Structures are given as C-alpha cells and as structure tokens.
K.L.:
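The following block contains the structure, expressed as structure tokens.
Each chain gets a letter, A, B and so on, in the order the sequences are listed, and its residues count up from 1. All heavy atoms count here, side chains included; hydrogens, waters and symmetry mates do not. Everything numeric here is computed off the predicted structure, so don't read it as measured data.
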Amino acid sequence: MSKEITSRVVDYSQWYNDLIIKGGLADYSAVRGCMVIKPYGYAIWENMRDQLDKMFKETGHENAYFPLFVPKSLFEAEEKNAEGFAKECAIVTHYRLKADPENKGKLIVDPEAKLEEELVVRPTSEAIIWNTYKGWIQSYRDLPLLINQWANVVRWEMRTRLFLRTAEFLWQEGHTAHATKQEAVAETVQMLEVYATFAETFMAMPVIKGVKSANERFAGAEDTYCIEALMQDGKALQAGTSHFLGQNFAKAFDVKFTDKENKVDYVWATSWGVSTRLIGALVMAHSDDQGLILPPKLAPIQVVIVPIFKGEEQKQLIDEKVIIFQQQLKAAGVKVKYDDNDNNRPGWKFAEYEMKGVPVRIAIGVRDIANNVVEVARRDTKEKMSMSIDGLAENVISLLNDIQEAIYIKAKFFRDAHITNADNWEDFIQLLDVKTGFIAAHWDGTTATEDKIKELTKATIRCIPLNNAAEEGACILTGNLSSQRVLFARAY
RNA sequence: CGGGACGUAGCGCAGCCCGGUAGCGCACUAGGCUGGGGGUCUAGGGGUCGCAAGUUCGAAUCUUGUCGUCCCGACCA
C-alpha cells in the first residue's frame with residue numbers, strides 16, 4: 001500500500017527514514033539540513049523533556065535562558081572550544097535587507113548594514129554563559145551554580161540525517177560552576193548517571209557509561225563522560241555526554257571566587273547535554289519492519305481503542321462500554337486514544353497504529369461485548385489476547401509495564417550479544433565487518449594508534465567503560481602494553 | 001567539499017531517447033454497498049512539468065545555465 005516501509009535487511013538507512021516520515025515524526029523542510037518536527041514526534045520530545053527536566057530539578061538544577069547569538073570575541077575566548085566548533089558555525093554578518101534595485105520584488109542584503117562584530121549562532125553555549133557567570137560569582141557562597149537551559153543550537157554539518165544529525169537541533173545544556181574540582185567531577189558523574197537512568201528506564205535503551213579518549217573529547221573539556229548505545233545495525237550511537245571542564249572556561253572568562261579562607265581561585269565547571277538525537281536512538285533501538293515500537297513510558301499514545309462496528313446502533317453499544325474503561329485508564333494516568341473516526345476501517349487503523357508504535361491496541365466489537373471481553377494486542381510482539389472488560393484498566397497497566405520491560409530486555413540481549421573481545425588485528429577487522437557491534441580490545445592509550453585504527457577501519461573508541469576491569473594485554477594494533485580493554489565500534 | 005541519483009497533481013511515479021498541447025496509482029470531494037488486518041463501486045476536482053535563458057511554427061521532451069533535495073563518503077552530537 002502507500003505506506004510500505006523498506007525492510008531493515010534491504011536498506012537500513014531507508015528503513016530509518018521511512019519510519020520517521022511515514023510514522024509522522026518529522027518532515028523534510030525547505031531549509032537544507034533542517035527538519036520539521038511534527039506533532040507526533042514533538043510529543044515524544046515533550047515526554048523526554050518533561051522527564052529529564054524533573055530529574056534535573058530533583059538534582060538541584062534550575063532552568064534559565066541565554067541568547068541565541070554569541071559575539072565572535074566571546075566565542076573565541078576559550079581557544080580549544082572555539083577551534084573545535086569553528087568550522088561548523090553559522091555567522092550573522094548583517095542586520096538588514098533592502099529592495100533589490102535591479103530586480104523588482106526581490107531583496108538583497110543591505111551592504112550598509114554590516115555588523116561591527118559578527119555574531120555566531122550558538123553551536124553550544126559555554127561562551128555566552130561563562131561570560132554571564134563572571135558577573136554572578138564572587139564568593140564560595142554563590143556556588144555551586146546549577147543551571148540548565150532548553151534551547152536550539154546550530155551546527156553546520158556537511159551531511160545531515162533526520163534526528164541523528166540536523167543543522168539545527170533541540171537540546172538541553174547544563175552548565176554548572178563549583179568551588180572544588182572534586183565537586184565538579186561528582187556533578188559530571190551524577191549527570192551521567194541521570195542520563196543513563198533516563199535511557200534505560202524511560203527509553204528502554206541499555207547504555208554503556210564510560211569516558212571518551214582524548215580524540216573524542218569535547219573541545220575545551222578535561223574529561224568527557226558519555227553513554228553509548230548500540231543500534232540494530234550494529235553501529236554505536238553516542239546518546240549523551242557530560243563534561244568535566246576543569247578551570248578552562250573560568251580562566252578564559254576570568255570567573256574567580258573567594259573561598260572561606262579569603263583565597264581567590266578560578267571556579268570549576270561542568271556541562272552536559274542530550275538532544276533530539278535521542279528520538280533517533282529511540283527509533284533505531286526498538287522498531288521493526290512494520291513500523292515504530294515506542295516504550296510505553298515515552299509513547300504519546302499508550303493505548304489506542306479501535307471500535308469495530310456496523311451502523312450507528314452498534315457504535316452506540318460500543319461507545320457505552322468504551323467510555324467506562326477509557327475513563328478508568330485515564331484516571332490511572334494512561335494516555336489513551338479512542339479512534340472512532342468512521343473514515344478509516346479497522347484494518348487500516350491496525351496498520352496505522354502499528355506504524356506509529358502505539359504499545360497497546362484494544363479492539364472492541366459487538367461480538368466482544370456479548371462475551372464481556374475486548375481484544376488486546378501488544379505492539380512489540382504483535383501478540384493478541386482476549387481480556388475481560390472487568391478489571392481491564394489494571395491489566396492494561398500491567399501489560400504496559402511488561403512491554404516497557406520486555407523491549408528493554410530485548411535490546412539489552414542484543415547489545416550484550418554484540419560486545420565481543422578481539423585479541424588480534426585479524427579478528428578485530430573481521431568482527432567489524434561480520435558481526436558488528438562493540439569490540440572490546442586492548443589499546444596502547446595513544447592518540448596516534450587510535451587515529452591509525454580509525455583510518456584503517458572507520459572504527460573509533462566509543463568509550464573506556466567506567467569500572468572497567470584491569471587486564472594486562474597487548475594493543476590490538478601496535479602490540480604495546482595495555483592495562484585494560486576499551487570499546488571500539490563504528491558509530492553514527 | 002568529492003561521488004551518485006532525482007526535481008512532472010498533496011504523496012509515489014510514468015511520459016523525455018524519437019518535440020505536437022500531460023497520464024497512472026494512492027490521497028482528496030460526493031454518494032452507495034461495506035466494516036474482526038491497509039475494502040469496493042459510481043461520479044468528480046486538482047498540474048505556470050524546480051527556475052531562467054536558448055533552439056523551434058511548436059519544448060515536460062533538445063541545449064546551456066541555475067537553484068534545490070536525497071543517498072554514499074570525508075567532518076561531527
């Protein structure tokens with residue numbers, strides 16, 4: 001039919017795009033590299049945002065908002081950060097258009113309206129925020145400063161992909177200031193834990209917590225912690241990062257404080273973020289060839305009710321039953337939709353809600369009413385069962401919990417089955433091509449070796465897992481001494 | 001920025017080689033029969049063929065230019 005989805009084995013990329021477009025999450029836009037997030041996709045983002053926001057506030061953070069534009073002189077203050085982002089910045093140079101004298105009805109940039117200083121459209125907000133913090137922090141009494149902002153940022157990527165990498169994207173960025181290094185490191189780790197908990201509990205997506213190698217570190221950070229997830233095609237996806245920034249930004253923006261002993265020192269910083277990329281991760285983590293599979297905890301619609309009827313009389317009978325358990329479900333906090341639209345027939349609706357990944361579907365017709373039951377179908381396994389109308393709400397809620405857990409277990413089983421040890425170069429190369437996934441291998445700890453491996457295989461070090469077991473070994477490439485295995489993978 | 005593909009109705013496409021006044025499927029509108037896995041019949045509406053020049057009596061079709069999108073790479077969250 002018109003909404004066929006390309007199968008994963010035929011073309012994984014096309015499958016992913018089909019899910020996004022045909023599932024109604026997003027559309028391409030008139031702007032290169034930028035997408036329109038449609039209501040259904042945005043609803044997922046709202047659910048993610050609301051949950052994360054709650055978790056940020058529970059850990060003591062407050063929201064604020066900083067400007068979209070960063071004066072170039074501020075942007076370049078922290079050298080490494082500026083250098084890291086320089087080649088993907090959009091820059092505002094003028095502030096006015098005027099009528100084109102040679103082309104009626106058209107506009108041109110007014111050359112007279114050139115800005116004294118160019119404005120960088122933020123690719124990240126450290127610069128503007130630290131410039132602001134300078135005025136907010138004088139004493140240890142002003143610390144810690146725990147602020148988050150929900151915003152859009154722009155990174156002029158050469159090649160974009162829906163949700164995974166767009167030129168403009170939505171995210172949150174936390175920026176904190178602390179009196180001591182220990183406290184800042186603790187904050188960095190705490191936020192990584194928040195991200196990991198969110199990914200596993202709400203997205204039902206298992207992640208590996210780790211630290212980035214110097215190569216993959218955020219520009220301007222001392223250490224970058226990350227959560228890494230594995231997609232169904234065996235490629236890794238960085239799902240969130242939490243950076244320990246040391247005193248780099250405090251020094252660049254001259255942010256000092258006086259401690260209890262009246263000594264002056266630079267403050268310690270962290271920043272951490274997750275973006276709409278998480279929606280891409282969510283899609284790829286669970287979905288199948290019939291469409292999206294969304295975890296109940298983030299699904300915009302958790303339960304859809306489809307009436308099966310012939311004529312108004314039957315419809316009314318069904319309505320009477322539905323209204324009762326629909327109310328019970330709503331009262332229990334379940335997001336339920338009763339699709340009694342008469343334009344589409346039941347079969348069409350079944351296919352449509354499967355495409356959209358609604359976790360539970362309830363079908364009810366007069367036949368069911370006679371038996372005091374409904375047909376309940378779960379999206380993840382496509383299993384159908386008959387359930388009594390009595391006590392339906394409790395059973396459906398318990399089913400939603402089962403689904404949440406089942407898709408997590410399935411994803412975790414897949415992920416765990418795709419972490420493989422490699423002890424020599426031949427195995428390493430073969431695993432990358434044949435089995436894919438994470439490869440745990442020894443590495444001599446040098447950037448040169450990491451670069452060489454990337455050049456030869458396109459695999460990068462995704463992370464050095466936290467609480468990694470110490471193990472003596474020989475580097476997969478150079479044979480030099482290594483004290484632990486690190487995780488390699490090809491990544492998005 | 002390199003390589004490839006493509007711009008024709010809301011969406012997906014055919015027509016182009018060989019120039020002659022635009023078509024198919026889905027969607028849409030009205031009505032009927034239907035209704036437990038993407039139904040069906042009848043009757044309709046909708047297009048400056050991406051844009052701009054050129055060749056020609058005549059251009060969706062040929063030529064040149066231009067803009068844009070997607071896919072694959074290098075870069076990146």
K.L.:
Please work out which of the three classes, parallel, tilted or perpendicular, describes the rings of A:Phe169 and A:Trp171, given edges at 30° and 60°.
P.N.:
perpendicular
K.L.:
Measure CD/A:Gln14 against C1'/B:rU69 and give the value in whole Å, please.
P.N.:
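It is 13 Å, rounded to the nearest whole Å.
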K.L.:
Please check the phosphate of B:rC76 (OP1 and OP2 only) for any side-chain N or O of A:Lys458 closer than 4.0 Å.
P.N.:
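So the side chain of A:Lys458 is outside the cut-off, no N or O lying under 4.0 Å from OP1 or OP2 of B:rC76.
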K.L.:
Give a yes/no answer on whether the side chain of A:Asn17 brings an N or O atom under 4.0 Å of OP1 or OP2 in B:rC70.
P.N.:
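For B:rC70, OP1/OP2 do not have a side-chain N/O of A:Asn17 under 4.0 Å.
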K.L.:
Could you please name the option among B:rC75, B:rG36, B:rG37 that lies closest to any side-chain atom of A:Lys87?
P.N.:
B:rC75
K.L.:
Let's see if you can work this out: which of B:rA77, B:rA74, B:rC76 has an atom nearest to the side-chain heavy atoms of A:Lys454?
P.N.:
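When the side chain of A:Lys454 is considered, B:rC76 is the closest of B:rA77, B:rA74, B:rC76.
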K.L.:
Roughly, in whole Å, what's the span from NZ in A:Lys235 to P in B:rA77?
P.N.:
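Taking atom P of B:rA77 as the reference, NZ of A:Lys235 is at 15 Å.
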K.L.:
Have a look at A:Leu164 and say if it touches a base, only the backbone sugar-phosphate, or nothing, with a 4.0 Å heavy-atom cut-off.
P.N.:
base
K.L.:
When you match A:Ala363 and A:Gly33 each to their closest nucleotide on RNA chain B, which lands nearer the 5' end?
P.N.:
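Residue closer to the 5' terminus by nearest nucleotide: A:Ala363.
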K.L.:
Considering only side-chain heavy atoms of A:Gln238, which listed nucleotide, B:rG37, B:rC70, B:rA77, is closest?
P.N.:
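Of all the options, the side chain of A:Gln238 is nearest to B:rA77.
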K.L.:
Can you tell me the base-pairing partner of B:rC75? Count Watson-Crick or G-U wobble geometry only, both distances below 3.5 Å, and say none if there is no partner.
P.N.:
none
K.L.:
Suppose we define a pair by two distances each less than 3.5 Å, Watson-Crick or G-U wobble; what does B:rA30 pair with here?
P.N.:
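When the pairing criteria are applied, B:rU42 turns out to be the nucleotide that pairs with B:rA30.
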K.L.:
Just one of A:Phe438, A:Trp443, A:Phe428 clears the ring pair (Phe, Tyr, Trp, His ring centres under 6.0 Å) bar with A:Phe488, so which one?
P.N.:
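Between A:Phe488 and the candidates, ring pair (Phe, Tyr, Trp, His ring centres under 6.0 Å) is satisfied uniquely by A:Phe428.
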K.L.:
Stepwise, does the side-chain contact (heavy atoms from CB on, under 4.5 Å) test hold for A:Tyr225 with A:Met191?
P.N.:
CA-CA 9 Å; A:Tyr225 292 71; A:Met191 297 325 288; over 6 Å; no
K.L.:
Using the P atom as the point on both nucleotides, what is the distance between B:rG10 and B:rU48, in whole Å?
P.N.:
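Between the two P atoms, the distance is 8 Å.
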K.L.:
Heavy-atom nearest nucleotide on RNA chain B for A:Glu375 versus A:Met158: which residue maps closer to 5'?
P.N.:
A:Glu375
K.L.:
Rounding to the closest angstrom, what is the interatomic distance between B:rG44 and B:rA52 at atom P?
P.N.:
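Looking at atom P only, B:rG44 and B:rA52 are 34 Å apart.
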K.L.:
Could you tell me which nucleotide pairs with B:rC18 by Watson-Crick or G-U wobble geometry, both distances under 3.5 Å, or answer none if nothing does?
P.N.:
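Partner of B:rC18: none found under 3.5 Å.
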K.L.:
Any salt bridge (Lys or Arg N to Asp or Glu O under 4.0 Å) involving residues 278-299 of chain A? Give me the pairs, sequence neighbours left out, ordered by first then second residue.
P.N.:
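Sorted pair list: A:Arg8-A:Asp289, A:Asp288-A:Arg379.
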K.L.:
Would you measure the distance from the C1' atom in B:rU56 across to the matching atom in B:rA9 and give it in whole Å?
P.N.:
29 Å
K.L.:
Side chain of A:Glu88, heavy atoms from C-beta onward: which of B:rC71, B:rC76, B:rG35 has the nearest atom to it?
P.N.:
B:rC76
K.L.:
Can you tell me the Watson-Crick or wobble partner of B:rA52, both distances under 3.5 angstrom?
P.N.:
B:rU64
K.L.:
What's A:Asp11 touching, base or sugar-phosphate or nothing? Going by heavy atoms closer than 4.0 Å.
P.N.:
nothing
K.L.:
Could you state the atom-to-atom distance from CG of A:Asp27 to C1' of B:rG10 in whole Å?
P.N.:
11 Å
K.L.:
Output the rounded distance in Å from CD1 (A:Ile20) to P (B:rC70).
P.N.:
14 Å
K.L.:
Would you kindly give the CD-to-P distance between A:Glu312 and B:rU34, to the nearest whole Å?
P.N.:
16 Å
K.L.:
Have A:Asp339 and A:Tyr353 got a donor and an acceptor in their side chains that come within less than 3.5 Å?
P.N.:
yes
K.L.:
Counting the atoms with a prime plus P, OP1 and OP2 as sugar-phosphate, which does A:Phe218 contact under 4.0 Å by heavy atoms, base, sugar-phosphate, or nothing?
P.N.:
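Nothing, no nucleic acid heavy atom in range.
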K.L.:
Checking only heavy atoms, does the side chain of A:Asn344 share a donor-acceptor pair with the base of B:rG38 at less than 3.5 Å?
P.N.:
no
K.L.:
To the nearest Å, give me how far apart CH2 (A:Trp15) and C1' (B:rC71) are.
P.N.:
18 Å
K.L.:
Pairing donors with acceptors under 3.5 angstrom, does anything connect the side chains of A:Ser271 and A:His175?
P.N.:
no
K.L.:
Rounding to the closest angstrom, what is the interatomic distance between B:rG46 and B:rG3 at atom P?
P.N.:
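It comes out at 44 Å once rounded to the nearest Å.
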K.L.:
Applying a 3.5 Å limit to both distances, which nucleotide forms a Watson-Crick or G-U wobble pair with B:rG23?
P.N.:
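Matched B:rG23 with B:rC13 under the 3.5 Å cut-off.
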K.L.:
Judged by modelled atom types alone, do A:Asn152 and A:Arg122 share a side-chain donor-acceptor pair under 3.5 Å?
P.N.:
yes
K.L.:
Base, sugar-phosphate or nothing for A:Gln314? Non-hydrogen atoms, less than 4.0 Å.
P.N.:
nothing
K.L.:
Would you indicate what A:Arg161 reaches in the nucleic acid, counting non-hydrogen atoms under 4.0 angstrom: base, sugar-phosphate, or nothing?
P.N.:
nothing
K.L.:
In whole Å, measure the gap between the P atoms of B:rA60 and B:rG20 for me.
P.N.:
9 Å
K.L.:
Expressed in angstrom and rounded to an integer, what is the separation of A:Arg490 atom CZ from B:rC76 atom P?
P.N.:
17 Å
K.L.:
What's the closest nucleotide to the side chain of A:Ala351 if the choices are B:rC76, B:rA77, B:rG38?
P.N.:
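In terms of side-chain proximity for A:Ala351, the closest of B:rC76, B:rA77, B:rG38 is B:rG38.
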K.L.:
Consider the side chain of A:Tyr28, meaning its heavy atoms from C-beta on, and name the nucleotide among B:rG38, B:rG37, B:rC70 that approaches it most closely.
P.N.:
B:rC70
K.L.:
Within the structure shown, what part of the strands sits under 4.0 Å from A:Thr166 by heavy-atom distance: base, sugar-phosphate, or nothing?
P.N.:
base
K.L.:
If only side-chain N and O atoms of A:Arg345 are considered, is one of them under 4.0 Å from the OP1 or OP2 phosphate oxygen of B:rU40?
P.N.:
no
K.L.:
Hey, is the side chain of A:Lys384 pairing donor to acceptor with the base of B:rG37 inside 3.5 Å?
P.N.:
yes
K.L.:
Going by atom types alone, do A:Thr93 and A:Glu118 pair a side-chain donor with an acceptor below 3.5 Å?
P.N.:
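Note: A:Thr93 and A:Glu118 side chains miss the donor-acceptor criterion.
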K.L.:
For a quick check of understanding: with a heavy-atom distance under 4.0 Å over all strands, which category does A:Gly311 fall into, base, sugar-phosphate or nothing?
P.N.:
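If one applies the 4.0 Å heavy-atom cut-off, A:Gly311 turns out to touch a base.
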K.L.:
Between B:rA77, B:rG36, B:rC76, which nucleotide gets closest to the side-chain atoms of A:Arg367?
P.N.:
B:rG36
K.L.:
What interatomic distance, in whole Å, is found between P of B:rG45 and the corresponding atom of B:rC1?
P.N.:
47 Å
K.L.:
Tell me whether A:Asp319 is salt-bridged to A:Lys315, with the criterion being a basic N under 4.0 Å from an acidic carboxylate O.
P.N.:
yes
K.L.:
If we take the C1' atom in both B:rU61 and B:rG73, what is their distance in whole Å?
P.N.:
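About 34 Å, rounded to a whole number of Å.
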K.L.:
Go through B:rG37, B:rC76, B:rA77 for me and flag the one nearest to the A:Arg277 side chain.
P.N.:
B:rA77
K.L.:
Using a 4.0 Å heavy-atom cut-off, does A:Ser13 contact any base of the nucleic acid, only the sugar-phosphate backbone, or nothing at all?
P.N.:
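Sugar-phosphate: the residue A:Ser13, judged by heavy atoms under 4.0 Å, touches backbone atoms but no base.
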K.L.:
Atom CD of A:Glu216 and atom P of B:rC75: how far apart are they, to the nearest Å?
P.N.:
10 Å
K.L.:
Contact class for A:Lys382 (heavy atom, under 4.0 Å): base, sugar-phosphate, or nothing?
P.N.:
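Nothing: the residue A:Lys382, judged by heavy atoms under 4.0 Å, touches no strand.
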K.L.:
Classify the nucleic acid contact of A:Glu157 as base, sugar-phosphate or nothing, counting any heavy atom under 4.0 Å across all strands shown.
P.N.:
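If one applies the 4.0 Å heavy-atom cut-off, A:Glu157 turns out to touch a base.
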K.L.:
Using the C1' atoms only, state how far B:rC13 lies from B:rU55, rounded to an integer number of Å.
P.N.:
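It works out to 30 Å between them.
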